[in-house]
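In each ligand, atom 1 is the first atom listed, and ligand 1 is the first ligand listed. Throughout, numbering of the chain's residues begins at 1 and tracks the sequence.
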Amino acid sequence: MMINTKNRELQTWVDQVVKLTKPDKVHWCDGSQSEFETLVQEMLAAGTLIELNEKTHPRCYLHRSNPTDVARTEHLTFICTKNQEDVGPNNNWMSIEEGNKKVDALFEGCMRGRTMYVVPYCMGPIDSPLSRCGVEITDSAYVVANMRIMTRMGRQALDRIEKNGSFVRGLHSTGDLSPDRRFIMHFPEDLMIKSIGSGYGGNALLGKKCHALRLGSWQARKEGWLAEHMLIVGVENPQGEVHYIAAAFPSACGKTNLAMMIPPESHKGWKIWTVGDDIAWIHPGEDGRLYAINPEAGFFGVAPGTGKNTNPNALAMLNHDTIFTNVAVTKDGTPWWEGLSKPAPEGMTDWQGKPHHAGSGPAAHPNSRFTVSAKQCASYTTKAEEPKGVPLTAIVFGGRRRELAPLVFQSLDWKHGVFAGASVASETTAAATGKVGVVRRDPMAMQPFCGYNFADYWSHWLSFGDKYKNLPKIFHVNWFRQDKDGAFLWPGFGDNLRVIRWVIDRCKGDDKNNATRTAIGYLPTEDAIDTKGLSLAPGAMHELLQVDKDAWKHEVGAIRDYFAHYGSHMPKELVGELDRIERELQG
Ligand code: GTP
Ligand code: SPV
Ligand code: MN
């Protein structure tokens, strides 16, 4: 066999995979533009990609997935470890032997007649000590094209691997796409991922959720940092002061939108800087502050709901060099999704390639996505390339809850903030298969992504409180409260800056009268959030900012039941917070 790398371990692994999967050809990706263009031509010829209108959308392509393969499949995602207890009740577990046996049988000969791509990638700026590399082996050209946009992929990543030695191994094949033979397996003790039977984003772009979060969280705990499902945004005030905020919202609950929001009309002089929209790796600095890097280089964003009134920054970056997955196409060959324009244009082709008619359901799949380089975003900042990351002023948790959770509250201290994160609940969305709109616990927006026992993860979070002096303040937000007719009470999107301003004011601590202490945390006083220029329903702010004691007593019971699943691993500090809140709600 040919020698393609100085890293012996990598060469040996690739040779083993060739023996197992029996591809016709092996291609080591260098990440060049010409390589990308060749792949695109091949995919166009094979029908894997469809070219969109080259005048309005140059170098934009549509990919249609198999209709059974359009979202993450959490029930087919496993963490394989020596001890089952290490993964906790929050993960599906399999023994290392069984996990390997199950998938290796499916990988056997699965690349016959196909090309195997070896994809070296770097998560994070190529020259950052905080970045980590991986190699994904895949038989999907679509995965290669997406990895080139989403990561620093190719020659420079391989150089780094050859210099540093260590890398995460990720083996992927689309297999036969049957959900019965689909598994997303993680072996954290071996820094290994094996994924078969899906070509969808989080299941197949292994640098993203599998490496940067599931294995990342495992490594982060061992090494004293945090790997989180968070956007990173810089908020610049008219005085030129920039505050960086990291925010964890569950899948399809507003990270991309908040990361690149446009300040409302009334907020002259405010600027938003996008660092990341999905994942943050957070490290303590020598000054006791936390510093965040975005391990990704692109956005794999939700298309539906992206419009000129909601996320104009995103819309503007999607008219060239973008891969769309499962959107609809107009008769002019332009991409379309619900929320882009109203009414829906006549004569469209839906996400499955069928003629679309009014009343025949959504034209774009609710979890249709765009893949685009972060550099195409007008608010993307060069600070995203800063090797040491950006210092965090605040950490914000949030969920999608039509009831109960107020628009915003601040935690009383770090410990209570960790409790607020650990008790997040949110309505399920189309980002994962299964029912949509069901409230479930999604601590720190990491339910699908924490690679080990949640209770141990909360202890890890709590340990920061004892160790570091200048930690960010922790908040909780909810943009999704509804009135009894199902209308949103809060306008959301760019107007969320109004809430973020309060968050920053609280961190600065200059105004002592902008909050009231309640059992669940500090809430804004009724006029502390600037609502100038908004046309809110009468009483909306009051409803958004009140604590319904009876409803919260019920919530406390639900959180207690949830924490009980973690048995002896459960940190007692968090149960202590629950007891305190319950006591204060009685008072
Ligand atoms: P993942 O990529 O799945 O991790 O999702 P995300 O958290 O980045 O979600 P995204 O920003 O793409 O938003 C998902 C959906 O929520 C889109 O349809 C948005 O239009 C909608 N959304 C985002 N922000 C708001 C908001 O402030 N208010 C309302 N009502 N909807 C919002
Ligand atoms: C999510 O589901 O949280 C995503 C998309 O960001 S995926 O990459 O598929 O996980
Ligand atoms: Mn996500």
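Residue contact check: Thr256 has heavy atoms under 4.0 Å from atoms 6 (P), 8 (O), 11 (O), 12 (O) of ligand 1. Residue contact check: Lys255 has heavy atoms under 4.0 Å from atoms 1 (P), 4 (O), 5 (O), 6 (P), 7 (O), 8 (O), 9 (O), 11 (O) of ligand 1. Atoms of ligand 1 found under 4.0 Å from any heavy atom of His229, numbered from 1 in the order shown, are 4 (O). Residue-ligand proximity, Pro250 to ligand 1, at heavy-atom distances under 4.0 Å covers atoms 7 (O).
The protein atom (non-hydrogen) at minimum distance from atom 9 (O) of ligand 1 is Gly254 N, 3.0 Å. With respect to atom 4 (C) of ligand 2, the closest heavy atom belonging to the protein is Lys209 NZ, 2.8 Å. Nearest non-hydrogen protein atom to atom 2 (O) of ligand 1 is Arg369 NH1, 2.8 Å. The nearest protein atom to atom 3 (O) of ligand 2, hydrogens excluded, is given as Ser251 OG, 2.5 Å; this is a heavy-atom distance. Nearest non-hydrogen protein atom to atom 26 (C) of ligand 1 is Phe493 N, 3.7 Å.
In summary, Lys383 and Glu236 do not engage in a salt bridge, as defined by a charged side-chain N under 4.0 Å from a carboxylate O.
With respect to the Mn ion (ligand 3), Asp278 has OD1 as its nearest N, O or S atom.
Distances from the Mn ion (ligand 3) show that Lys209 has an N/O/S atom below 2.8 Å.
For the residue pair Asn90 and Tyr457, no side-chain donor N or O sits within less than 3.5 Å of a side-chain acceptor on the partner. Using a 3.5 Å distance cut-off with no hydrogens or angles, the side chains of Trp336 and Ser341 do pair a donor with an acceptor.
If you look at Ser251 next to ligand 1, the close heavy atoms, those under 4.0 Å, come from the backbone and the side chain alike. Proximity of Asn496 to ligand 1, defined as any heavy-atom pair under 4.0 Å, is confined to the side chain (atoms from C-beta onward).
The option from Gly492, Pro304, Ala252 that lies nearest to atom 17 (C) of ligand 1, judged by heavy atoms, is Pro304. Taking all heavy atoms of Phe480, Trp479, Phe300 into account, the minimum distance to atom 31 (N) of ligand 1 is reached by Phe480.
Between Tyr142 and His63, the two ring planes are parallel [angle under 30°; tilted spans 30° to 60°].
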Working for side chain to side chain donor-acceptor pair (under 3.5 Å), residues Asn311 and Thr306: CA-CA 6 Å; Asn311 193 351; Thr306 308; 5.4 Å; no
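Smallest separation of non-hydrogen atoms from Ala405 and His476: CB-CE1, 4.1 Å.
Considering backbone and side-chain N/O atoms, Gly202 comes within less than 3.5 Å of an N/O atom of ligand 2.
Listed for the Arg169 side chain is no donor-acceptor partner under 3.5 Å among the backbone atoms of Met192.
The cationic atom of Lys209 (NZ for Lys, CZ for Arg) lies less than 6.0 Å from the six-membered ring centre of Phe449 and within 45° of the ring axis.
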